[in-house]
Amino acid sequence: LWPWLLASSGLSALVQLVTLPFFPDSPSYLLIQKGNEEACRKAIRKLWGEGEHQAEIDDIMKEKGAMGSTKTLRVLEVIQERSLRWQLYFMMTVMTTLQLCGINAIYFYSFEVFHTAKFEEYLIPYASLGIGLCECLSSILCSTLIDRFGRKVLLWRGYTLMCSVLALLTMTLSLQHRFFWMHYFSIILIFLFVVFYGSGP
């Protein structure tokens with residue numbers, strides 16, 4: 001079953017590969033990059049149907065004008081630009097914490113935690129699949145919450161809850177040989193960590 005499950009991800013790629021030639025190019029790309037207004041109008045009609053779409057074209061033209069007045073910076077120039085320094089620090093902090101937040105360790109050690117909790121061998125892959133499903137569903141939930149609360153609140157809340165869960169998980173893994181029920185508490189914490197990761201960072 002697992003080879004088929006892993007191969008199923010190729011099905012969506014195949015559907016995209018077959019259907020992509022039938023999709024129109026982006027109107028913004030056609031007008032801004034190619035400078036082809038007629039092709040832009042044709043793409044807009046294909047995407048949004050017949051009608052008057054001059055307002056959309058005017059918006060794209062404004063975007064083109066704004067891009068024309070903006071200087072394109074090289075990587076070294078971005079680093080040296082003082083006005084962009086805080087944005088650069090913020091992005092570096094977010095990306096670094098995202099890589100070092102512990103999600104890879106959780107995925108790596110979850111199998112061992114399930115095994116220690118005396119899960120049946122044939123159930124462990126499905127429990128791991130459940131972890132992935134939790135991350136997928138929490139990511140979908142995040143897309144609805146981000147408009148209401150904003151990115152900053154979700155980041156702070158997500159990292160705070162993830163730190164708390166990791167502290168508790170460290171404690172439960174240390175005590176799992178003294179109390180039999182600690183294994184199950186560790187499993188709950190793993191699922192909670194993945195949910196907080198998916199709905200925050």
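The first residue in the sequence is number 1, and the count goes up from there.
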[Y] reachable from [X] in the ILVMFWY side-chain graph, under 4.5 Å edges:
{"X": "Tyr197", "Y": "Val94", "value": "yes"}
{"X": "Phe111", "Y": "Tyr109", "value": "no"}
{"X": "Val195", "Y": "Leu141", "value": "no"}
{"X": "Met92", "Y": "Leu100", "value": "no"}
{"X": "Met171", "Y": "Leu189", "value": "yes"}

Can you give me the closest heavy-atom contact between [X] and [Y], atom names plus distance?
{"X": "Pro21", "Y": "Val18", "value": "CD-O, 3.3 Å"}
{"X": "Ser83", "Y": "Gln87", "value": "O-OE1, 3.2 Å"}
{"X": "Phe22", "Y": "Lys46", "value": "O-NZ, 3.5 Å"}
{"X": "Gly198", "Y": "Ser138", "value": "CA-OG, 3.3 Å"}
{"X": "Thr172", "Y": "Ser186", "value": "OG1-OG, 3.0 Å"}
{"X": "Ser110", "Y": "Ile190", "value": "CA-CD1, 4.1 Å"}

Are more than 12 heavy atoms, taken from residues, nucleotides or ligands other than Phe191, located less than 6.0 Å from that residue's CZ atom?
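Correct, the count exceeds 12.
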
Count the heavy atoms belonging to other residues, nucleotides or ligands that lie under 6.0 Å from OH of Tyr159, then report whether that count exceeds 12.
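Enclosed.
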
I need the [X] [atom1] to [Y] [atom2] distance, nearest 0.5 Å.
{"X": "Cys134", "Y": "Leu129", "atom1": "SG", "atom2": "CG", "answer": "10.0 Å"}
{"X": "Ile124", "Y": "Phe114", "atom1": "CD1", "atom2": "CZ", "answer": "8.0 Å"}
{"X": "Ser26", "Y": "Ile60", "atom1": "OG", "atom2": "CD1", "answer": "7.0 Å"}
{"X": "Asp25", "Y": "Leu30", "atom1": "CG", "atom2": "CG", "answer": "5.0 Å"}
{"X": "Glu56", "Y": "Ser28", "atom1": "CD", "atom2": "OG", "answer": "10.5 Å"}
{"X": "Leu192", "Y": "Phe185", "atom1": "CG", "atom2": "CZ", "answer": "8.5 Å"}

Summary of ring pair (Phe, Tyr, Trp, His ring centres under 6.0 Å) pairs that have at least one residue in residues 71-91, sequence neighbours excluded:
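Ring pair (Phe, Tyr, Trp, His ring centres under 6.0 Å) check on residues 71-91 returns Trp86-Tyr89.
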
So, do [X] and [Y] sit near enough that their side-chain heavy atoms are less than 4.5 Å apart?
{"X": "Leu155", "Y": "Thr97", "answer": "no"}
{"X": "Val194", "Y": "Tyr107", "answer": "yes"}
{"X": "Leu88", "Y": "Arg85", "answer": "no"}

When you look at Ile106 and Leu166, which way does the side chain to side chain contact (heavy atoms under 4.5 Å, CB included) test go after all the steps?
CA-CA 9 Å; Ile106 289 290; Leu166 283 178; 4.2 Å; yes

According to ring-ring contact (aromatic ring centres under 6.0 Å, His included), who are the partners of Phe193, at least two apart in sequence or on a separate chain?
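ring-ring contact (aromatic ring centres under 6.0 Å, His included) check on Phe193 returns nothing, list empty.
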
Which donor-acceptor pairs under 3.5 Å do the side chains of residues 5-16 make with protein atoms, sequence neighbours left out?
from: Ser8; atom 1: OG; to: Leu5; atom 2: O; distance (Å): 2.5
from: Ser9; atom 1: OG; to: Leu6; atom 2: O; distance (Å): 2.9
from: Ser12; atom 1: OG; to: Ser9; atom 2: O; distance (Å): 3.0

The criterion is side chain to side chain contact (heavy atoms under 4.5 Å, CB included); which residues satisfy it with Tyr184, sequence neighbours excluded?
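Once residues adjacent in sequence are excluded, Tyr184 has no partner under the side chain to side chain contact (heavy atoms under 4.5 Å, CB included) criterion.
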
For Glu77, check side chain to side chain contact (heavy atoms under 4.5 Å, CB included) against everything at least two apart and list the hits.
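Here the qualifying residues are Lys71, Leu73, Arg74.
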
So His183 and His177, would you call those rings parallel, tilted or perpendicular, with 30° and 60° as cut-offs?
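If you compare the ring of His183 with that of His177, the planes turn out perpendicular.
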
Verdict with reasoning, Leu154 to Arg157, per side chain to side chain contact (heavy atoms under 4.5 Å, CB included)
CA-CA 5 Å; Leu154 291 181; Arg157 188 199 67 179; 3.7 Å; yes

Under the side chain to side chain contact (heavy atoms under 4.5 Å, CB included) rule, what do Trp181 and Leu175 come out as? Steps first, then yes or no, please.
CA-CA 10 Å; Trp181 49 268; Leu175 298 173; over 6 Å; no

Check Glu38 with Lys42, please: is the shortest side-chain N to carboxylate O separation under 4.0 Å?
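Not counted as a salt bridge, because no side-chain N and carboxylate O are separated by less than 4.0 Å.
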
For Asn104, side chain to side chain donor-acceptor pair (under 3.5 Å) partners two or more places apart:
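Side chain to side chain donor-acceptor pair (under 3.5 Å) check on Asn104 returns nothing, list empty.
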
